[in-house]
Amino acid sequence: MSDNKMIQIHSPLDDSIVGAVPALSREEVDAAVQKARKAFYGWKETPLNERTEIMYKAADLLVQHADALTELLIREIGKDRKSAKSEVVRTADFIRFTADTAKSIHGESIQGDNFSGFSKEKFAVVTREPVGVVLAISPFNYPVNLATSKIAPALVSGNTVVFKPATTGSLSGQELVKIFEEAGLPEGVLNIITGKGSEIGDYIVTHPGINFINFTGSTEVGLSISKQVNMVPLLMELGGKDAAIVLKDADLDFAAKNIIAGAFSYSGQRCTAVKRILVLNEVADQLIDQLKVEMVKLKVGNPLENQVEIVPLINTKAADFVWELIEDATAKGAKLIYGGKREGNLIYPTLFDHVTTDMRVAWEEPFGPVLPILRVNSIEEALEIANASEYGLQSAVFTENIRDAFYVANRLEVGTVHINNKTERGPDHFPFLGVKKSGIGTQGIRYSIESMTRVKATVVNLK
Ligand code: NAP
Ligand code: G3H
């Protein structure tokens, strides 16, 4: 690692240096891809039960390292303690379930005589093959879990992996890789490359040694990747503007609790955070009263000191962006119900009523603690605004009427609709996907394994 520059990782909590990672050169990126290519054939031929044993061991090791990883997540990405610990434990469960699932995926054989003109003398043995070298690119907000949700299904299926973590999050990413190595992964099967996406991103996504790209991050970067690659399959989970639609007959106390938890945990730095409320006018005032009760309970501060939901945003650029949205809404006449205060990169939880469709906060993804309320006169108007978004990750609908719930769910252009619950990704074996600019393809344990394998037919012709 001769003339490498090192990148210092600063904590979003107090700007202290948490550690440093190398900014790899192109030659070092080439070497990582080469190692992954070289290891592929051996790993692909490793019996599935040996691959799954390594996964189970990695899950156990992750649990053993949970406290240390939790502390690192708190300092590196400013996550609150409860969410950080739950990210690690959830990831161990994810790995185990992935190993279990891989063992339950079988191929099939198809008889020729099912099709007219063919006999039993011809049949196809259909198996699933790994795609080769998977490039896994993860975002800052779940450095352990969203990295593993790519790495584990890829590896268990016989692929090798080149893993590019978000720069803020790459210290946690390094620890994760060490755990997989300690669990017994052979040399070259999982290779971490660190360095800024703006410097090595275009190079790695267009690298001829990459067979598949599994990316989670912003729509902006996702679009840029999809414009550059040719004939390389993509699996992408991108931005969102998840709506919580509250109908006249909703349990408003329950809806308010769910919406506030869904919007503000980890300061709203979650792709599935509730990012707008569309409420029927008749119940808007009552809902807002309940929302205020819940907002008061949100704890703001430094997660190293207390259990808090609202933490400083990941960097100043992110905080400036959220603040711009708040200023734009204020200037255009939105009514501030709560919050609207900033101390450095800490933005207090902010709720706006009477948000209109000419305001940026009605459409843009803040990835921060600001929640707009748009009042609507009918279910149709709620659907129209919900579907006018360029995003289509998830939505929630709150109602006591199952017919209305399905009416709304059937018309929403999103990957997942939650009836009477906040938007969220788990459980991790459910399908998880975005439509429109929220993504390409489907994740979720079985779906991720299927996405990162291809079908192969070997046709037998009896003589
Ligand atoms: P981001 O800025 O798009 O970064 C995501 C990853 O892409 C990082 O590893 C980043 O590396 C890398 N990257 C940056 N430029 C690149 C390029 N030109 N080529 C290849 N890779 C490049 O996103 P983020 O700020 O980490 O995460 C927040 C965003 O992710 C939000 O929009 C959120 O909605 C979305 N997200 C979506 C999901 C989902 O499942 N739908 C989940 C989580 C987050 P560097 O850090 O080095 O720049
Ligand atoms: O940030 C995006 C994650 O996929 C959200 O996952 O709903 O479990 O917080 P979560």
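Keep in mind that the numbers below use all heavy atoms, side chains included, and drop hydrogens, waters and symmetry copies. In listed order, ligands and their atoms are each counted from 1.
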Enquirer: Could you tell me whether some N/O pair between Glu424 and ligand 2 is separated by less than 3.5 angstrom?
Expert: no
Enquirer: Given Gln394, which of Asp242, Leu412, Val417 fulfils the side chain to side chain contact (heavy atoms under 4.5 Å, CB included) condition?
Expert: Asp242
Enquirer: Tell me, which residues have any heavy atom less than 4.0 Å from some atom of ligand 1?
Expert: Ile137, Ser138, Pro139, Phe140, Asn141, Leu146, Lys164, Pro165, Ala166, Thr167, Gly195, Lys196, Gly197, Gly201, Asp202, Val205, Phe215, Thr216, Gly217, Ser218, Val221, Ile225, Glu237, Leu238, Gly239, Cys271, Glu365, Phe367, Leu393, Phe432
Enquirer: Sequence neighbours excluded, which residues qualify as ring-ring contact (aromatic ring centres under 6.0 Å, His included) partners of His429?
Expert: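 Expected list: Phe97.
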Enquirer: What side-chain donor-acceptor pairs closer than 3.5 Å can you find for residues 300-309, not counting sequence neighbours?
Expert:
from   : atom 1 : to     : atom 2 : distance (Å)
Asn302 : OD1    : Leu304 : N      : 2.8
Gln307 : OE1    : Lys82  : N      : 3.0
Gln307 : NE2    : Asp80  : OD2    : 2.9
Glu309 : OE1    : Lys299 : N      : 2.7

Enquirer: So if I count the atoms of ligand 2 from 1 in the order they appear, which ones are less than 4.0 Å from some heavy atom of Arg425?
Expert: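 Numbered from 1, ligand 2 contributes 3 (C), 4 (O), 5 (C), 6 (O), 7 (O), 8 (O), 10 (P).
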Enquirer: Are any non-hydrogen side-chain atoms of Ile193 and Val33 less than 4.5 angstrom apart?
Expert: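 A side-chain contact under 4.5 Å is absent here.
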Enquirer: Which heavy atom of the protein is the closest neighbour of atom 9 (O) of ligand 2, given with residue, atom name and distance?
Expert: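 Protein heavy atom with the smallest distance to atom 9 (O) of ligand 2: Tyr142 OH, 2.5 Å.
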Enquirer: So, is Gln269 polar-close to ligand 2, with some N/O to N/O distance under 3.5 Å?
Expert: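 Among all N and O atoms of Gln269, none is under 3.5 Å from an N or O of ligand 2.
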Enquirer: Within this structure, what is the CG-CD1 distance for the pair Leu291 and Ile260, rounded to the nearest 0.5 Å?
Expert: 4.5 Å
Enquirer: Nearest heavy atom to atom 1 (O) of ligand 2 wins, so pick from Cys271, Ser86, Gly240, Gly217.
Expert: Cys271
Enquirer: Distance to 0.1 Å, residue and atom name: give those for the protein heavy atom nearest to atom 7 (O) of ligand 2.
Expert: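 Sorting protein heavy atoms by distance from atom 7 (O) of ligand 2 puts Thr272 OG1, 2.6 Å first.
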Enquirer: So, is the end of the Arg425 side chain (NZ or CZ) under 6.0 Å from the ring centre of Phe430 and within 45° of the ring's axis?
Expert: no
Enquirer: Check Asn141 against ligand 2 and report side chain, backbone, both or neither, counting heavy atoms closer than 4.0 Å.
Expert: side chain
Enquirer: From Leu234 CG over to Ser451 OG, what is the distance, rounded to the nearest 0.5 angstrom?
Expert: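 Answer rounded to 0.5 Å: 11.5 Å.
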Enquirer: Under the rule for salt bridge (charged side-chain N to carboxylate O under 4.0 Å, His left out), what residues qualify as partners of Glu181, not counting sequence neighbours?
Expert: none
Enquirer: Of the protein's non-hydrogen atoms, which lies at the shortest distance from atom 8 (O) of ligand 2, and what is that distance?
Expert: Arg90 NH1, 2.7 Å
Enquirer: Which distance, rounded to the nearest 0.5 Å, do you find between the NZ of Lys79 and the NZ of Lys85?
Expert: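 Those atoms lie 14.5 Å apart.
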Enquirer: Can a donor-acceptor pair be found between the side chains of Asn258 and His418 at a distance below 3.5 Å?
Expert: no
